[in-house]
2 protein chains.
Amino acid sequence: MAYTVKAVSDLAGVSIRTLHHYDAIGLVRPRERTEAGYRLYGRSDLERLQQVLFFKELGFGLEEIREILDRPDFDRRRALLDHHELLTHRKDRIERLIRAVERTLEGMEEGKTVEERVWFDGFDATQYEEEARQRWGHTAAYKESRERAAAYSQADWEAIGSEQTSILRDIASLADRDPADPEVLAAVGRMHRFINERFYTCSLEMFRGLGDLAVSDSRFTETYEKLRPGLPAFYKEAVAAYCARSRA
Amino acid sequence: MAYTVKAVSDLAGVSIRTLHHYDAIGLVRPRERTEAGYRLYGRSDLERLQQVLFFKELGFGLEEIREILDRPDFDRRRALLDHHELLTHRKDRIERLIRAVERTLEGMEEGKTVEERVWFDGFDATQYEEEARQRWGHTAAYKESRERAAAYSQADWEAIGSEQTSILRDIASLADRDPADPEVLAAVGRMHRFINERFYTCSLEMFRGLGDLAVSDSRFTETYEKLRPGLPAFYKEAVAAYCARSRA
DNA sequence: CCTTGACCCTCACGTAGCGTCAGGGTGTAG
DNA sequence: CTACACCCTGACGCTACGTGAGGGTCAAGG
């Protein structure tokens, strides 16, 4: 079954001009053209368009999307699972905006002063966009680690793997303590240094974001849960405590 | 309490460049400048910025936002209530996207073919943007009715009011019937013609959207409920039936 | 066959809303 | 004084299309 541009436009909710543009930049090309030059899209074209639209919805630029989709190891199913998770977080953001409205109204009704900070909760979308980019390797940090990785030998990788496992094991063994316990902080600090030395320059801000990923990214969550039940949440708290102490 | 650009940027989650831009176009201006030229924002500036960000979140352009905020009768509280409702609908959209992912995955897992239409549910944002514009009078139709209204006299307005009330009353009196009942359709048709004659060129598509507003916009819902409990939903169904019949 | 209307094409100008950078001033703590 | 964080204005550039011009294609109906 083939679709012309109007059919695809109606189906997908994008303009014909957008489809022309995506064809022109090689992002979503129709499988064929009629003799008259009409574009005819097939099912796999629609699959790709769907992916484009999800990535776009999550804040990626078109060139970024193209790079991701063209990876030889791109896996559609894996991507959909990711989209699902990230969209859930986007929904959280809207809920935060809704609550900001409610809090603002409360402040107006009851004559009490609500902090201005409350008014703006949810507007800053960078956290969510950063999360999406972390997942797909579109951060400056990822690029830096790629460059370093290019220089690693097999032995290097084995050493890195052992070191990382060792640190995580240590943290897991301390998971019954307070996240702010000095030994916990020391172990988390080793992780921070490990990343800085082996992968990329990792600011406290970024490290804190990685801590959050332990809870919000199912790949990390699963891995950490296998090490020890409850570890994701503990790790996040421990990283947060470490970052707060290091900043002071 | 005064805030400089960095403070506002951190508070509201917008860039300093954005604040410069908003000042330059007169959208959000700081209440004063220091002798060195630093911008100092006050509470009411932040209130306005909050409104700008909500409208922007809902898809309005900056010029549109300015026009709305500068109306003498702009009411902050009324606006917040609207934002609340519209954001709830935006959340619905994200939920639709999430379900589209789920349905796509189901189709892949079970080897059954899911219609391509399902893949794209939620991507078309025009419905939501149109809804927001309807509320704030930023549609071509609204502009047309404004022009016509300029030519109406007091007597015209009275006649229009009576006519509209009469039509709505008729529809309400038929609300116990099937929405596709011929008499219902005739009454709804009178409303359609009324709008075309008195306000603006109203396509079936647009009229259908107005029917939806009876349910989704609390102002219409309240008014219609007062006429008769359950009328909003009935009206929506009746308009939908009328539009379907008229298209055939 | 002609007409009409919906759909298709390419080309190309223009834009909204900033991001980024250059170059230089201001305020505060050590 | 130095260093650092913050501030200013000016201005180039960019992404992702929207819009319009001008013209071809397809299919149904007269």
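Since this is a predicted model, take the numbers as computed values, not measurements. In what follows, chains are A, B, ... by sequence order, proteins preceding strands, each numbered from 1.
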Taking only N/O atoms, report every protein-nucleotides 1-6 of chain C pair under 3.5 Å with atom names and distance.
none

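Taking 4.0 Å as the cut-off between side-chain N and carboxylate O, A/E63 and A/R66 count as a salt-bridged pair. By the 4.0 Å N-to-carboxylate-O rule, B/R90 lies too far from B/E57 to be salt-bridged with it.
The footprint of chain B on DNA chain D, defined by a heavy-atom cutoff below 4.0 Å, extends from D/dC6 to D/dA11.
No contact: B/T34 has no heavy atom under 4.0 Å from any strand.
By the side-chain hydrogen bond (donor to acceptor under 3.5 Å, both in side chains) test, A/R77 is found to be paired with B/E109, residues two or more places apart in sequence or in another chain being considered. Judged as a side chain to side chain contact (heavy atoms under 4.5 Å, CB included), and not counting sequence neighbours, the contacts of B/R17 are B/S15, B/H20, B/H21. For A/D92, the side-chain hydrogen bond (donor to acceptor under 3.5 Å, both in side chains) test picks out no residue, with sequence neighbours left out. Take A/E237 and apply the salt bridge (charged side-chain N to carboxylate O under 4.0 Å, His left out) test, not counting sequence neighbours, and it matches no residue. With sequence neighbours excluded, the residues forming a side chain to side chain contact (heavy atoms under 4.5 Å, CB included) with B/K236 are B/D212, B/V215, listed by chain and number. Here B/A240 pairs with B/R208 under the side chain to side chain contact (heavy atoms under 4.5 Å, CB included) rule; sequence neighbours left out. Remark: A/D45 pairs with A/R31, A/Y41 by the side chain to side chain contact (heavy atoms under 4.5 Å, CB included) rule, at least two apart or across chains.
Within residues 10-31 of chain B, the residues approaching DNA chain D are B/I16, B/R17, B/H20, by heavy-atom distance under 4.0 Å. Near DNA chain C, defined here as any heavy-atom distance below 4.0 Å, there are no residues from residues 50-60 of chain A.
At the phosphate of C/dT10, OP1 or OP2 sits under 4.0 Å from a side-chain N or O atom of A/R33.
Residue pairs meeting the ring-ring contact (aromatic ring centres under 6.0 Å, His included) criterion with at least one member in residues 79-102 of chain B, sequence neighbours excluded, are B/F54-B/H83, B/F55-B/H83.
B/E32 contributes no side-chain N or O that, together with a main-chain N or O of B/L40, makes up a donor-acceptor pair within less than 3.5 Å.
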